[in-house]
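Shown next, in structure tokens, is the structure this report addresses.
In what follows, chains carry the letters A, B, and so on, assigned in the order in which the sequence lines appear, proteins first and then strands, with residues in each chain numbered from 1.
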Amino acid sequence: MKFAKRTNTCGELRISDAGKTVTLNGWVSQVRDLGGVIFINLRDRYGITQITVNSEFQDIYNSAKSLGLEFVISATGKVQQRTSANPNMPTGEIEVLADAIEILNTSEVTPFVVEEDIKASEELRFKYRYLDLRRKKIADNLVLRSNVYNIVHKNFEREKFIEVETPILMKSTPEGARDYLVPSRVHKGKFYALPQSPQTYKQILMVSGLDRYVQICKCFRDEDLRADRQPEFTQIDLEMSFVEEQDVFRVVEGVICDIWKEIKGVELKQPFRTMSYDEAMAAYGSDKPDLRIKGELKIVNITDTVRNTDFKVFADAISASGIVAGIKLSGQDVTRKIIDGLTDYVKTLKFGGLGYIKYNSDGTVSSPMLKFLSEEIQAGIKNDFSAEAGDVLFILSGEKKKVLSGLGNVRLKLAEQFSLTDETRDEFLWVNDFPLFGFDEESGTIVAEHHAFTMPHDADLAKLAEGCEDPGANAELLTSIRAICYDMVCNGSEFGSGSIRIHRGDIQSQVFNVLKLTKQEQEEKFGFLLGAFKYGAPPHGGFALGFDRIIATLCGTKDIRETIAFPKTTSAVGLMDNSPSPVDERQLKDLGITING
RNA sequence: GGAGCCGUAGUUCAGUUUGGUUAGAACGCCUGACUGUCACUCAGGAGGUCGCGAGUUCGAGUCUCGUCGGUUCCGCCA
């Protein structure tokens, strides 16, 4: 089909172009018909330009009258200065006076109006994502994403990394997240899994001597979703040989600094701050603390101060070897309603209630707990927090980890409630020294916190050697072992995580012993990796950055769906293509699969 | 797996607290008028399985139970 091809995009013409004859192609985003003159806002992903049609040109005028929103047209005419400029649009000083309009395609009335200030629900936007993507805001997110791809590729090329593709169809490993499974037709009853990450492959590439591997890759996890979690997501995955933690940090910081410099024009200070897991949990109740919060709102542990109280709530927590701790909020008007809201919130976190002590400006103290606490303890608490008039303390008691993370969540709620987050900057940090093992209450067993190939700290190797023979009896000793394992955190969001891996067989065996993996299970699950490790595995370690979260942060949103062209809902449904969907009986038969229920 | 919120016109919402007349508004859509708008304006019009299914009731958008979908949080996500 012949048509008048564009000479310019809808975002680029300026007053300096006045007098030129141009052709624009795009979508009709608005029509204002004043009777003798019609104004058309023509849109493409670059911007919007006003096309003016005068009734003196009868043919064009009549065809302009028939235009509907989202029609695709080609408009040709002379660029001229507008009689009254529109300062709100970049092309607002000019218009194109049409002397030809060609309708390239019509459009049905759209299910929602395509406009920057979108009114449609996410559900509708995802169903008609192609219309949603016509909005500059979303299209720009994809453009930004594309730019970051390029920065990442360039950075790693400069750092002498090799991009290697790893299989999408791989062996299922039941550890960690649930796998998405792919049935094999050739081998009925057997399944591939989609990678949760290319973890094993990249470690094997190190055994191969590739030395520095990187890949921007899709990963898949069949777990329940959140605003910042999709069933398939993108990672910047890397692995390096002959490195220690600090070497990985410098490389990852390098690419982050490149991205921030080129996208935001911000020079981040290197090296990034480092905080241990224990420190982060104790002070912020989170392994991904948001350091932008004004006044910090650090957690204070007051267990020792209230140890001898007979206030039942505290006494019960302490006798069950739990803790009592709180955070202090200064200089805010904390109303009854706000306290009630926070109380309801901590109840959703399975706390009985939220204790508070409010030091009023008139010197009085409001708190439902005071009558249960001796004057000495009251004074002790006030001292622990350095509390003054105008301060409010929020206090939780119970099991240590639960209290700390509960207060961590209260801290975030307070920051939100009182707008305490400094949105003008991004705060990066490394959180390291995670525990190597955790205790799984459900199964009553010891499990790997990161994964089974994470190297313990040198200083804790003795603990591992001592505890691995009888893990059940040494749970406390084993869970105190620290791993060379680290997360990068930005603004309270986990950007990525990694570790130095175990490359020595003796340490690996000890870890498998703790995890109660028999020789046979080791062979079945990781035989290929352990096999490779027999032939000279170099010391190595790596990292994986959550690409979607990085883009979301750069776009100023928490919702990674805004940065993905075709996202899925929180129940992992693709609303546009209706995936997942039933398949033909024939397909199932080929695979030897029958559906129950 | 558990909890909260939402579901009413093509769209975004009001109406649900306290059951009762013909379920409203804005935007969009259709018709007409209008030569400088840019959220054009003005006049008129069409448009509803109140997510779905039971139940209570003389009567249900409104109350109860179930169910489906979206979303947020807890669990989960090495």
Candidate nucleotides [options], ranked by approach to the side chain of [X] - the nearest:
| X | options | result |
| --- | --- | --- |
| A:Val37 | B:G36, B:C76, B:U72 | B:G36 |
| A:Arg82 | B:C34, B:C38, B:G70 | B:C38 |
| A:Glu123 | B:C76, B:G36, B:G70 | B:G70 |
| A:Val109 | B:G70, B:C29, B:G36 | B:C29 |
| A:Lys119 | B:U12, B:U71, B:C29 | B:U12 |

G-U wobble or Watson-Crick pairing nucleotide for [N] (cut-off 3.5 Å, both distances):
| N | result |
| --- | --- |
| B:G7 | B:C68 |
| B:G75 | none |
| B:U21 | none |
| B:G55 | B:C63 |
| B:A46 | none |
| B:U41 | B:A33 |

*Pairwise 5' ranking along RNA chain B for A:Thr83 and A:Ser571, keeping only the more 5' one*: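 That would be A:Thr83.
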*asked:* Go nucleotide by nucleotide along RNA chain B from the 5' end; which of A:Thr52 and A:Val447 gets its closest nucleotide reached first?
replied: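 Between the two, 5'-proximity favours A:Thr52.
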Is any side-chain N or O of [X] under 3.5 Å from a base N or O of [N], one able to act as donor and the other as acceptor?
| X | N | value |
| --- | --- | --- |
| A:Ser84 | B:C38 | yes |
| A:Glu95 | B:G36 | yes |
| A:Arg229 | B:C77 | yes |
| A:Arg561 | B:G70 | no |
| A:Asp344 | B:G4 | no |

*Specify whether A:His451 and A:Phe453 have parallel, tilted or perpendicular ring planes, treating 30° as the upper limit for parallel and 60° as the lower limit for perpendicular.*
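Because their plane-to-plane angle lies in the 30° to 60° range, the rings of A:His451 and A:Phe453 count as tilted.
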*Using 30° and 60° as the class limits, which term best fits the ring planes of A:Phe220 and A:Tyr180: parallel, tilted or perpendicular?*
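Perpendicular, since the angle between the ring planes exceeds 60°.
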Is any side-chain N or O of [X] closer than 4.0 Å to OP1 or OP2 of [N]?
| X | N | value |
| --- | --- | --- |
| A:Arg226 | B:C74 | yes |
| A:Thr569 | B:G70 | yes |
| A:Ser121 | B:G70 | no |

For [X], report the nucleic acid contact type (base, sugar-phosphate, nothing); a contact means any heavy atom under 4.0 Å.
| X | answer |
| --- | --- |
| A:Ala544 | nothing |
| A:Asn54 | base |
| A:Leu349 | sugar-phosphate |
| A:Ala227 | sugar-phosphate |
| A:Asp33 | base |
| A:Leu124 | sugar-phosphate |
| A:Leu225 | nothing |

Over how many whole Å does the gap from [X] atom [atom1] to [N] atom [atom2] extend?
| X | N | atom1 | atom2 | answer |
| --- | --- | --- | --- | --- |
| A:Leu69 | B:C27 | CG | P | 14 Å |
| A:Leu342 | B:C73 | CG | C1' | 15 Å |
| A:Lys568 | B:U71 | NZ | P | 13 Å |
| A:Ile118 | B:U11 | CD1 | P | 12 Å |
| A:Leu575 | B:G70 | CG | P | 6 Å |
| A:Glu449 | B:C76 | CD | P | 11 Å |

What's the gap between [N] and [M] when it is taken at their [atom1] atoms, as a whole Å value?
| N | M | atom1 | answer |
| --- | --- | --- | --- |
| B:U31 | B:G36 | P | 23 Å |
| B:G1 | B:A39 | C1' | 47 Å |
| B:C27 | B:U71 | C1' | 24 Å |
| B:A9 | B:A25 | P | 14 Å |

*Using the rule for Phe, Tyr, His and the six-membered ring of Trp, do A:Phe112 and B:U11 stack at under 5.5 Å and under 30°?*
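The ring of A:Phe112 is not stacked on B:U11.
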Flag the pair [X] and [Y] as a salt bridge only when some basic side-chain nitrogen lies within less than 4.0 angstrom of an acidic carboxylate oxygen.
| X | Y | value |
| --- | --- | --- |
| A:Glu232 | A:Lys568 | yes |
| A:Lys558 | A:Asp228 | no |
| A:Lys171 | A:Glu524 | no |

_Taking atom CD as the centre, does A:Glu116 end up with more than 12 heavy-atom neighbours from other residues, nucleotides or ligands that are less than 6.0 angstrom away?_
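Yes - once you tally the heavy atoms of other residues, nucleotides and ligands closer than 6.0 Å, there are more than 12.
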*Using a cut-off of 6.0 Å, state whether more than 12 heavy atoms not belonging to A:Phe71 lie near its atom CZ.*
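It does: A:Phe71 CZ has more than 12 such atoms within range.
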*Give a yes or no on whether the ring-centroid distance for A:Trp430 and A:Phe249 is below 6.0 angstrom.*
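Yes, they do, as the ring centres are separated by less than 6.0 Å.
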